[in-house]
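Beneath this line is the structure, given in structure tokens, with notes to follow.
All figures in this text were calculated on a predicted structure; none of them were measured in a lab.
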Amino acid sequence: MNHADPGRVLVAGAGVAGLAVARALSRRAIPSLVLERRAGPADAGLAVNLPGNAVRALADLGLGAALQDLGSPVRRREYRTERDRLLFAVDEDTFWGAQARPRCLRRADLLRLLARDLPEGTVRRERGVASVRQDPQGVAAELTDGGVERGGLLVGADGVHSAVRRTVFGGSATEAALLARASWRFMAPNPGVEGWTLWAGAGCLFLLIPVDRGEAYGWVTADAAAGGGTEGLEAAFAPFPRLVRDTLARVLAEPAALHHSPLEEVRAPGWHRDRVLLAGDAAHATAPVWAQGAALALEDALVLADLLARESDWGRVGAAYEARRRPRVAHVQAMTDRLSRTARLPGWARNAILSFIGPRSYRATYGPLWTPVAG
């Protein structure tokens, strides 16, 4: 079926970026249609860490109060060695303040939050975007089910391996992250951590963040298991504290709970082409050093909705959108590369440097992100 509506926005992908775009547009009374190839949410059982700028963006999307009922606040960060020596800590409560206190919650809860009160029929599942055509009147999305949908603009919010980016902009534009080649994510019983806690050793990182219901969100990477297998993980983390070893052993005993994910980044040279533009990971996926994946996607949505509400010619929005978003994204990418390089240093050098520059790097990274993008 071919539906034509030049006054609506087509959105490829119903992840964080796509649902945030739909919500931001709905608050501006701009109709949208979200097209998702999957039947249900991906990685629904995992969690997401939201720094203060993500929390501010959710408040600007009208979800600040509802967010407080989900997950757990993250009031403190601790960076530790493989021997459990504290390198430095950050009081996130003091830095962000009560109105932008970081929070960790289940990804499924975040997706439900973003989809709350969207107009009926906004999200269509099992209807992915296969290819895109543009003409002076708008854009047509040819779908995986054979249908066609038309709109005045199409937003590619379909993730790292974006079909929109591939078909409209050419090339995959993905590259391995400096931090590591691969990682694993999981949920596990909280072994007693009270805040964001990272242990770093020789080619190994282990992160735990409290979520809710007695569980913590975990993220782990190890050079010894970069090929995707978990056989070398226990040996790689043998020098780490018992809390880390026991948590890892418990997760490895239930392989289905461990989600392997290659660390890929997207540094696309352009985010717009006429009436097609990219948002979220499709435009600028980055290693999770500063937990900015969801945050930048939420901000993209706010900026895009603001521009579309102000501009009558949607064909001119892409350039303005990219001009407003590029500097902030470039800052995050630069700070990610800086900390990733530090993390790859020999242990003695890494520990000495992080003890000295750690708190300064935190402030240098998040300081420019403290300013909201809305308004």
Side-chain angles (χ1 to χ4, degrees), residues 10-24 34-38 41-44 46-51 53-54 57-58 61 107-108 110-111 114-115 123 128-129 132 154-183 185 219 221 259-273 276-304 318 321-322 325-326 328-337 340 369 373:
L10 302 179
V11 182
V16 172
L19 292 177
V21 167
R23 183 171 187 85
V34 180
L35 301 161
E36 169 58 52
R37 64 180 176 84
R38 295 186 179 92
D43 296 336
L46 297 174
V48 57
N49 183 33
L50 300 176
N53 61 313
L58 285 167
L61 287 168
R107 183 172 294 272
L110 177 59
L111 293 176
L114 290 168
V123 180
V129 173
V132 181
L154 186 141
V155 180
D158 48 346
V160 174
H161 300 288
S162 167
V164 173
R165 188 183 66 241
R166 184 177 64 252
T167 59
V168 177
F169 298 82
S172 65
T174 59
E175 56 189 60
L178 286 174
L179 182 64
R181 284 177 287 174
S183 66
R185 295 166 294 143
W219 179 84
T221 182
H259 298 255
H260 176 250
S261 57
L263 282 187
E264 296 176 292
E265 295 190 330
V266 174
R267 307 281 174 105
W271 300 346
H272 75 280
R273 185 159 297 172
V276 178
L277 57 84
L278 302 174
D281 282 353
H284 45 64
T286 190
V289 171
W290 299 109
Q292 284 297 302
L296 292 176
L298 296 168
E299 292 181 352
D300 286 349
L302 289 166
V303 170
L304 177 58
Y321 162 78
E322 188 162 347
R325 294 299 293 145
R326 274 280 181 187
R328 195 145 164 137
V329 170
H331 166 73
V332 170
Q333 290 171 337
M335 299 307 288
T336 295
D337 290 347
S340 294
L369 303 179
V373 297

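For D300 (side chain) and A279 (main-chain N/O), no donor-acceptor pair under 3.5 Å exists by modelled atom type. At distances below 3.5 Å, at least one donor-acceptor pair connects side-chain atoms of R165 with backbone N or O atoms of A282. Checked by atom type and distance alone, the side chain of R23 never pairs as donor or acceptor with a backbone atom of A115 at under 3.5 Å. Although no hydrogens or angles enter the test, the distance criterion places no donor-acceptor pair under 3.5 Å between the side chain of W219 and the main chain of S183. Remark: the backbone N or O of L369 is paired with a side-chain donor or acceptor of R328 at under 3.5 angstrom.
Atom NE2 of residue H331 and atom CZ of residue R326 lie 16.0 Å apart, to the nearest 0.5 angstrom. Taken from CG in L296 to OG1 in T286, the straight-line distance is 8.0 Å, to the nearest 0.5 Å. Interatomic distance, CG of D158 versus CG of L35, reported as 10.5 Å (0.5 Å rounding). In this structure, CD in Q292 is found 11.0 Å from CD in Q333, a value given to the nearest 0.5 Å. The CG atom of L61 lies 4.5 Å from the CG atom of L302; values are rounded to the nearest 0.5 Å.
Between G293 and D281, the shortest heavy-atom contact is CA-OD1, 4.2 Å. Between L278 and Y321, the shortest heavy-atom contact is O-OH, 2.9 Å. Taking every heavy atom of both residues into account, A17 and G280 meet most closely at CB-CA, 4.0 Å. Closest approach of L19 and L111 over heavy atoms only: CD1-O, 3.6 Å. Nearest heavy atom pair, residue A57 against residue L298, reads CB-CB, 3.7 Å. When all heavy atoms of V48 and A294 are compared, the pair lying nearest together is CG2-CB, 4.0 Å.
For the pair R325 and W271, the cation does not sit on the ring face, since its NZ or CZ is not both under 6.0 Å from the ring centre and inside 45° of the axis.
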Steps toward side chain to side chain contact (heavy atoms under 4.5 Å, CB included) verdict (L58, L114): CA-CA 9 Å; L58 285 167; L114 290 168; 3.8 Å; yes
Chi angles and distances behind the side chain to side chain contact (heavy atoms under 4.5 Å, CB included) call for E265, T174: CA-CA 5 Å; E265 295 190 330; T174 59; over 6 Å; no
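The closest side-chain heavy-atom distance from V164 to L154 is below 4.5 Å. The closest side-chain heavy-atom distance from R37 to V129 is not below 4.5 Å. Residues V160 and V266 meet the side-chain proximity criterion, which asks for heavy atoms closer than 4.5 Å. The shortest distance between side-chain heavy atoms of R107 and V16 falls below 4.5 Å.
Remark: R267 engages D337 in a salt bridge, criterion side-chain N to carboxylate O under 4.0 Å.
No hydrogens or angles considered: a donor-acceptor pair under 3.5 Å links the side chains of H161 and E264.
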